[in-house]
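Residue indices begin at 1 and follow the sequence shown.
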Amino acid sequence: MENPILQAKKELIQWIKEMDDLDEIQELLDLKNKNILSSGVVAESQTEYVVKDDFDERFAKGLTSEESRRRTREFIENLPWKK
């Protein structure tokens, strides 16, 4: 006795092989892609992403040398030194 799922897949494969309408094929591809996205599977094209190079922005927001020195002095002065 053959698995009904396998039989259904074979019928679908045969039906798709006989298709000639590009719009219907595109609909099937859209359905497939929608199914892949909703199942949580990440396709190869989705794994690639652009990393924003915001070094200049982060550098501009950073500490000045004077502020860095001030914070360092404060930190050292607040250490629990033994007298």
Side-chain angles (χ1 to χ4, degrees):
M1 181 164 185
E2 190 170 350
N3 186 342
I5 293 176
L6 291 177
Q7 181 60 34
K9 287 180 178 182
K10 287 179 183 178
E11 289 177 19
L12 284 172
I13 290 170
Q14 186 60 38
W15 176 64
I16 292 170
K17 283 181 180 179
E18 295 171 359
M19 280 185 141
D20 290 331
D21 187 5
L22 186 59
D23 292 332
E24 290 178 354
I25 294 171
Q26 185 60 49
E27 284 182 43
L28 287 174
L29 287 172
D30 293 342
L31 179 63
K32 181 192 97 171
N33 291 335
K34 180 181 172 188
N35 190 19
I36 287 173
L37 292 175
S38 65
S39 68
V41 175
V42 178
E44 281 296 318
S45 61
Q46 292 176 319
T47 59
E48 298 175 13
Y49 55 92
V50 178
V51 176
K52 181 181 174 188
D53 183 19
D54 61 345
F55 174 78
D56 293 331
E57 293 174 20
R58 290 184 292 128
F59 187 78
K61 293 177 184 176
L63 296 177
T64 63
S65 59
E66 293 82 17
E67 179 66 15
S68 176
R69 285 189 206 114
R70 185 187 65 75
R71 287 186 181 188
T72 302
R73 272 193 307 274
E74 276 182 18
F75 177 77
I76 292 172
E77 289 171 0
N78 291 327
L79 287 174
W81 300 103
K82 292 182 180 180
K83 294 184 180 182

Q: Side chains of Glu24 and Leu28: does their closest heavy-atom pair fall under 4.5 Å?
A: no
Q: When rounded to the nearest 0.5 angstrom, what distance separates CG in Asn78 from CZ in Arg73?
A: 12.5 Å
Q: For Arg71, is there an ion pair with Glu74 - N to carboxylate O distance below 4.0 angstrom?
A: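 No, this pair does not count.
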Q: Is there a path of hydrophobic side-chain contacts, each under 4.5 Å between heavy atoms of I/L/V/M/F/W/Y residues, joining Ile25 to Trp15?
A: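 Yes: a chain of side-chain contacts under 4.5 Å links Trp15 to Ile25.
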Q: Can you tell me how far CG of Asp56 sits from NZ of Lys61, rounded to the nearest 0.5 angstrom?
A: 12.0 Å
Q: Shared ILVMFWY cluster between Phe75 and Trp81, side chains joined below 4.5 angstrom?
A: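 Yes: a chain of side-chain contacts under 4.5 Å links Phe75 to Trp81.
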Q: Do you know which of Leu22, Asp30, Asp23 makes side chain to side chain contact (heavy atoms under 4.5 Å, CB included) with Gln26?
A: Asp30
Q: Can you tell me how far the CG atom of Leu63 sits from the CZ atom of Arg69, to the nearest 0.5 Å?
A: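 Atom-to-atom, Leu63:CG and Arg69:CZ are 12.0 Å apart.
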Q: Drop me the distance from Lys9's NZ to Leu6's CG, to the nearest 0.5 angstrom.
A: 6.5 Å
Q: Once you round to the nearest 0.5 Å, how far does CD of Gln7 lie from CG of Leu12?
A: 10.5 Å
Q: Is the CD1 atom of Ile5 crowded by more than 12 outside heavy atoms at less than 6.0 Å?
A: no
